[in-house]
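Just so it is clear, the values below take in all heavy atoms, side chains as well, and ignore hydrogens, waters and symmetry mates. This chain uses plain numbering: 1 for the first residue, then up along the sequence. As the structure is a computational prediction, the values presented were derived from the model and not from experiment.
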Amino acid sequence: MNRLKTKILIFLLIFSLLSCKDSKEKRKEIVSEKIEQFSEKQTEWNNLTNRILENQFVNSNLGKGIYPTDLEQSLSTELIENGIKFITVRNDSECKEVEYATEWTEYPIGTLYLTWTTCGNLKQTEKGFYQSDSSFIEVFGIGNNWLIWSDSDFI
């Protein structure tokens with residue numbers, strides 16, 4: 001009975017490792033499509049981000065999750081139309097960042113976050129940048145202070 005359990009565990013481990021590799025490649029493909037779609041509308045995203053950074057309600061709720069319905073109608077509508085669930089904002093003299101939690105999720109991608117930032121490691125925002133520190137988090141640079149990162153952890 002122990003040998004059967006061992007064989008089943010080995011099989012499951014091998015299957016998991018192989019499917020993770022396939023999922024990672026599929027995620028890269030899907031994210032590339034999302035980056036292409038974003039690039040076609042980058043000017044609109046830049047304008048939206050500037051309006052968010054100037055918004056009084058946003059600036060009184062820095063660091064908190066802000067839902068589109070919390071904002072004035074024009075911002076709310078634009079965020080919802082672009083598939084944004086909520087935003088988180090940092091806005092000070094040393095660092096400005098708007099992180100958009102998207103509804104662009106599809107298997108095996110996990111949750112996608114679109115981020116405009118002047119904070120930290122700006123190398124991550126360079127076009128073509130890719131980083132995968134774990135099997136769950138991947139960062140894709142778009143260029144011009146933009147990046148997309150995915151969290152494929154099921155928790």
Side-chain angles (χ1 to χ4, degrees), residues 16-155:
S16 296
L17 290 173
L18 292 175
S19 65
C20 285
K21 183 179 178 190
D22 291 342
S23 294
K24 187 173 261 192
E25 291 306 313
K26 184 66 175 167
R27 269 195 304 278
K28 284 182 179 180
E29 182 182 316
I30 292 168
V31 171
S32 291
E33 291 171 11
K34 300 299 182 189
I35 289 172
E36 191 174 311
Q37 292 168 2
F38 166 84
S39 295
E40 293 170 1
K41 295 174 58 177
Q42 187 169 348
T43 300
E44 290 89 350
W45 281 103
N46 288 339
N47 292 336
L48 175 61
T49 299
N50 286 331
R51 290 177 31 229
I52 288 170
L53 289 168
E54 294 168 357
N55 185 276
Q56 188 174 33
F57 178 81
V58 169
N59 283 302
S60 65
N61 289 281
L62 296 174
K64 299 178 184 175
I66 301 170
Y67 295 91
T69 54
D70 296 338
L71 299 168
E72 64 191 52
Q73 186 65 42
S74 64
L75 277 176
S76 177
T77 300
E78 194 169 348
L79 288 167
I80 291 168
E81 286 175 353
N82 282 298
I84 303 304
K85 293 189 284 191
F86 65 90
I87 61 172
T88 308
V89 178
R90 182 171 173 188
N91 191 3
D92 58 54
S93 60
E94 296 176 17
C95 172
K96 297 182 183 311
E97 182 171 276
V98 178
E99 183 170 83
Y100 301 90
T102 73
E103 293 178 340
W104 305 346
T105 303
E106 53 187 273
Y107 179 82
I109 197 104
T111 304
L112 274 180
Y113 296 87
L114 176 65
T115 304
W116 179 88
T117 185
T118 64
C119 310
N121 182 3
L122 294 180
K123 183 167 181 64
Q124 292 182 328
T125 67
E126 292 176 6
K127 187 173 186 169
F129 176 87
Y130 174 76
Q131 179 180 18
S132 177
D133 287 340
S134 72
S135 58
F136 299 117
I137 305 293
E138 293 175 275
V139 179
F140 303 81
I142 300 175
N144 301 314
N145 294 88
W146 287 97
L147 62 90
I148 287 182
W149 66 277
S150 71
D151 181 356
S152 57
D153 189 357
F154 56 90
I155 297 176

Audit row: Y100, L79, side-chain contact (heavy atoms from CB on, under 4.5 Å) steps and yes/no:
CA-CA 9 Å; Y100 301 90; L79 288 167; 3.8 Å; yes

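- Closest heavy-atom contact between K34 and L112: CG-CD1, 3.9 Å.
- The side chain to side chain contact (heavy atoms under 4.5 Å, CB included) check on Q73 picks up T77, with sequence neighbours excluded.
- Of the candidates Y113, F129, Y130, Y130 is the only one forming a ring-ring contact (aromatic ring centres under 6.0 Å, His included) with F140.
- For T125, the side chain to side chain donor-acceptor pair (under 3.5 Å) criterion is met by no residue, not counting sequence neighbours.
- Screening residues 75-96 for salt bridge (charged side-chain N to carboxylate O under 4.0 Å, His left out) gives R51-E78, R90-D92 as the qualifying pairs, with residues at least two apart or on separate chains.
- Between atom NZ of residue K127 and atom CG of residue N144 there is a gap of 9.0 Å, rounded to the nearest 0.5 Å.
- The disulfide (SG to SG under 2.5 Å) pairs that include a residue from residues 57-94 number zero, where partners must be two or more places apart or lie in different chains.
- Contacts classified as disulfide (SG to SG under 2.5 Å) and involving residues 53-97 (residues at least two apart or in different chains) are given here: C95-C119.
- In this structure, N91 contributes its side chain and N59 its backbone to no donor-acceptor pair below 3.5 Å.
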Side-chain donor-acceptor contacts of residues 37-44 below 3.5 Å, not counting sequence neighbours, with atom names and distances?
unit_1: S39; atom_1: OG; unit_2: I35; atom_2: O; d: 2.9
unit_1: K41; atom_1: NZ; unit_2: N82; atom_2: OD1; d: 2.9

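- For W149, the side chain to side chain donor-acceptor pair (under 3.5 Å) partners are E99, not counting sequence neighbours.
- By the salt bridge (Lys or Arg N to Asp or Glu O under 4.0 Å) test, E126 pairs with K123, sequence neighbours left out.
- The closest donor-acceptor contact from the side chain of N145 to the backbone of T117 lies under 3.5 Å.
- Looking at residues two or more places apart in sequence or on another chain, you find no side chain to side chain donor-acceptor pair (under 3.5 Å) involving T102.
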Intermediate values then yes/no, side-chain hydrogen bond (donor to acceptor under 3.5 Å, both in side chains), N46 and W146:
CA-CA 10 Å; N46 288 339; W146 287 97; 2.8 Å; yes

Please list every donor-acceptor pair under 3.5 Å in which a side-chain atom of residues 64-72 meets a protein atom from a residue at least two apart or in another chain.
unit_1: D70; atom_1: OD2; unit_2: Y67; atom_2: N; d: 3.0
unit_1: E72; atom_1: OE1; unit_2: N55; atom_2: ND2; d: 3.4
unit_1: E72; atom_1: OE2; unit_2: S74; atom_2: OG; d: 3.3

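- A distance of 3.5 Å separates CD1 of I137 from CG of D151, quoted to the nearest 0.5 Å.
- Remark: N61 engages no residue in a side chain to side chain donor-acceptor pair (under 3.5 Å) (not counting sequence neighbours).
- Summarising the geometry, atom CD1 belonging to I52 is positioned 6.0 Å from atom CG belonging to L75; distances are rounded to the nearest 0.5 Å.
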Given the rule in the side-chain contact (heavy atoms from CB on, under 4.5 Å) test, do V98 and L114 qualify, once you have shown the distances and angles that lead to the verdict?
CA-CA 8 Å; V98 178; L114 176 65; over 6 Å; no

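- For F57, there are no ring pair (Phe, Tyr, Trp, His ring centres under 6.0 Å) partners, not counting sequence neighbours.
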